[in-house]
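The next block holds one structure in the form of structure tokens; read it before the comments.
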Amino acid sequence: LEIDSVGSLPMFLNPRAGVITRQMMWLGNWEPRETYWFVRARREGDTVVDLGANVGYFTLIGARLVGDTGHVYAFEPDPESFALLQRNVRLNGLENVTPLQMAASNENGSIDLYLSERNLGDHRIYASADEPRTTVEVEAVRLDDYFEDRRSEIDFVKIDTQGAELAILEGMEAILEASPRLLMNVEYWPRGLQEAGGSHEALLDLLRRHDFRFFDVSIDPIMREVEREELNAVYAPERGAFTNLFLARGRETSENLRRRLSVWQGIHAREPERREDAEEAIRAVEKLLQLMEPGSADFPHVVVEVSN
């Protein structure tokens, strides 16, 4: 594989994993938009957690980008995919990766993983009516427990787990509290969340409590922020559609700035004697809002603080 800003990545692929293997062989990458933002968000020295690592595509990219001072923890419960993940880590000589054959969840213990023969990237933690599935028992762990002494050290989390995303987030709320600059890429598949016993509304509520803004990677060529109303309309459970959300902190700050912008725009329109001050304030607020948008050179690492 050839990835911009990363270079050549030799990988073993599973010939039985038709969907993933075909795209990587034909196009030389997997999920190109998600890859672009994953690369842009990574910095040397970062700690990355890859949940649903499969054979290691994002794991290998992340390990190259974070360098010797960073680390990647790659969680993959499926024995077949995990074996290839380990081989790919060894093939690339990566000593900054910890492969873990376990699932992340909201409880510690053992769970059944329902295996798909049609798509080896579609294993699930629940039975599915789409195809008969064999099961394998796998270890599950709460991330808050696994990273108990390192909760504040995590910089990026990628979650692509076929509907288990809510359970995983419930098991890492202490990490969300301890890591104010944490960035995430989370698969958003309302039907899968529902079939796994959760709901998309509960997932969005949890993320909102932790001040995350939602950026839909799939809607437009340039990622843009979306509100939950749009997500609910486009990805309603009955439609079966899914996307990946890039998540960055700062919703409260963004809303505060937009309220201030509205106030100053009102002053500009109604109070001619204050128009010069209003114009200066409007320019300042608009500049801060621009820093928080994907088009900014500093996004997603910029942290805008607004005093009351």
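Side-chain atoms are counted along with the backbone in the values below, which use heavy atoms only and exclude waters and symmetry mates.
In this view, Phe212 satisfies the ring pair (Phe, Tyr, Trp, His ring centres under 6.0 Å) rule with no residue, not counting sequence neighbours.
Atoms CD1 and OG1, on Ile154 and Thr47 in that order, are 7.5 Å from each other to the nearest 0.5 Å. Note that the CG atom of Leu183 and the CG atom of Leu247 stand 9.0 Å from one another [nearest 0.5 Å]. To the nearest 0.5 angstrom, Arg142 atom CZ is 9.0 Å from Ile175 atom CD1. Atoms CG and CD, from Leu291 and Glu286 in turn, are 12.0 Å apart once rounded to the nearest 0.5 Å. Note that CG of Asn185 is 8.0 Å distant from CG of Leu245, once rounded to the nearest 0.5 Å. Taken from CG in Leu143 to CZ in Arg150, the straight-line distance is 10.5 Å, to the nearest 0.5 Å.
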Only distances under 3.5 Å count here; give the side-chain donor-acceptor pairs of residues 161-171 to other protein atoms, sequence neighbours excluded, each with its distance to 0.1 Å.
| unit_1 | atom_1 | unit_2 | atom_2 | d |
| --- | --- | --- | --- | --- |
| Thr161 | OG1 | Glu165 | OE2 | 3.2 |
| Gln162 | NE2 | Asp122 | OD1 | 2.5 |
| Glu165 | OE1 | Gly163 | N | 2.9 |
| Glu165 | OE2 | Thr161 | N | 2.8 |
| Glu165 | OE2 | Gln162 | N | 3.3 |
| Glu170 | OE1 | Asn106 | ND2 | 2.9 |

Enumerate donor-acceptor pairs with a distance under 3.5 Å from any side-chain N or O in residues 54-66 to protein atoms, sequence neighbours excluded.
| unit_1 | atom_1 | unit_2 | atom_2 | d |
| --- | --- | --- | --- | --- |
| Tyr57 | OH | Trp30 | N | 3.2 |
| Tyr57 | OH | Trp30 | O | 3.3 |
| Tyr57 | OH | Thr35 | OG1 | 2.9 |
| Thr59 | OG1 | Asp50 | OD2 | 2.7 |
| Arg64 | NH1 | Val6 | O | 3.4 |
| Arg64 | NH1 | Ser8 | O | 3.1 |
| Arg64 | NH2 | Ser8 | O | 3.0 |

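The shortest non-hydrogen separation linking Arg151 to Ala174 is NH1-CB, 3.6 Å. When all heavy atoms are compared, the tightest approach of Ile267 to Ala278 is CG2-CB, 4.2 Å. Closest non-hydrogen pair, Phe215 versus Ala248, comes out as CE1-CB, 4.3 Å. Residue Asn92 comes nearest to Pro10 through the heavy atom pair ND2-O, 2.9 Å, listed as atom of the first residue, atom of the second, then distance. Considering every non-hydrogen atom in both His200 and Pro237, the closest pair reads CE1-CG, 3.6 Å. Contact between Leu257 and Met292 at its shortest, heavy atoms only, is CD1-SD, 3.9 Å.
Atom CD of Glu95 is surrounded by 12 or fewer heavy atoms from other residues, nucleotides or ligands within 6.0 Å. Remark: Arg133 CZ is packed, more than 12 non-hydrogen atoms of other residues, nucleotides or ligands lying under 6.0 Å away. Crowding of Glu238 atom CD: a count of heavy atoms from other residues, nucleotides or ligands under 6.0 Å exceeding 12. For CD of Glu280, the number of neighbouring non-hydrogen atoms (other residues, nucleotides, ligands) closer than 6.0 Å is 12 at most.
Under a 4.0 Å N-O distance rule, the pair Arg251/Glu255 qualifies as a salt bridge. For Arg209 and Glu173, the salt-bridge test passes: some basic side-chain N is under 4.0 Å from an acidic carboxylate O.
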Problem set entry | Working for side-chain contact (heavy atoms from CB on, under 4.5 Å), residues Ser199 and Gln194 | CA-CA 5 Å; Ser199 75; Gln194 190 175 73; 6.0 Å; no
For this session: In sequence, state the C-alpha distance, the side-chain angles, and the governing distance for Ile282 and Gln265, and then conclude on side-chain contact (heavy atoms from CB on, under 4.5 Å).
Result: CA-CA 7 Å; Ile282 288 170; Gln265 288 171 335; 4.0 Å; yes
For this session: Check the pair Glu139, Leu100 against side-chain contact (heavy atoms from CB on, under 4.5 Å), reporting the backbone distance first and the verdict last.
Result: CA-CA 10 Å; Glu139 181 182 358; Leu100 298 155; over 6 Å; no
Exercise. What's the verdict on side-chain contact (heavy atoms from CB on, under 4.5 Å) for His268 and Trp264, showing C-alpha distance, side-chain angles and the deciding distance?
Worked result: CA-CA 6 Å; His268 185 273; Trp264 281 111; over 6 Å; no
Exercise. Do Arg228 and Asp205 pass the salt bridge (charged side-chain N to carboxylate O under 4.0 Å, His left out) test, and can you show the C-alpha distance, the side-chain angles, and the key distance before you say yes or no?
Worked result: CA-CA 10 Å; Arg228 67 188 303 160; Asp205 285 343; 2.9 Å; yes
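Judged by distance alone, with hydrogens and angles left aside, the side-chain atoms of Ser254 form no donor-acceptor pair with the main-chain N or O of Leu289 at under 3.5 Å. Checking side-chain atoms of Arg191 against main-chain N and O of Phe242 turns up no donor-acceptor pair under 3.5 Å. Checking side-chain atoms of Glu76 against main-chain N and O of Asp78 turns up a donor-acceptor pair under 3.5 Å. Between the side chain of Asp277 and the main chain of Arg274, no donor-acceptor pair closer than 3.5 Å is present. Checked by atom type and distance alone, the side chain of Trp189 never pairs as donor or acceptor with a backbone atom of Thr243 at under 3.5 Å. Side chain of Arg181 to backbone of His301: no donor-acceptor contact under 3.5 angstrom is found. The main-chain N or O of Phe12 is found under 3.5 Å from a side-chain atom of Asn88 such that the two form a donor-acceptor pair. When atom types are taken as modelled, the side chain of Arg249 and the backbone of His210 share a donor-acceptor pair closer than 3.5 angstrom. Counting only distance, with no hydrogens or angles, the side chain of Asn256 and the backbone of Glu252 share no donor-acceptor pair below 3.5 Å. No donor-acceptor distance shorter than 3.5 angstrom exists from the side chain of Lys158 to the backbone of Val48, with no hydrogens or angles considered.
By the 4.5 Å heavy-atom criterion applied to side chains, Ser218 and Glu34 are counted as neighbours. Counting heavy atoms from C-beta outward, Pro79 and Val136 have side chains that approach closer than 4.5 Å.
Relative to the six-membered ring of Phe214, Arg208 meets both conditions, a distance below 6.0 Å and an angle of at most 45° to the axis.
Between Phe246 and Phe156, the two ring planes are tilted [angle within 30° to 60°].
Taking hydrophobic clusters as Ile, Leu, Val, Met, Phe, Trp and Tyr residues chained together by side-chain heavy-atom distances below 4.5 Å, Val226 shares a cluster with Ile159. A continuous path of Ile, Leu, Val, Met, Phe, Trp and Tyr side chains, each step under 4.5 Å between heavy atoms, connects Leu204 with Met172, placing both in one hydrophobic cluster. Tracing side-chain contacts under 4.5 Å through hydrophobic residues (I, L, V, M, F, W, Y), one never reaches Ile111 starting from Phe82; they form parts of separate clusters. Hydrophobic clustering (side-chain heavy atoms under 4.5 Å, transitive across Ile, Leu, Val, Met, Phe, Trp, Tyr) keeps Tyr126 apart from Leu203. Linking ILVMFWY residues whenever their side-chain heavy atoms come closer than 4.5 Å, directly or via other members, places Tyr188 and Val49 in the same cluster.
A donor-acceptor contact under 3.5 angstrom links the side chains of Glu80 and Asn14, judged on distance only.
Between Tyr146 and Phe75, a ring centre-to-centre spacing shorter than 6.0 Å is recorded.
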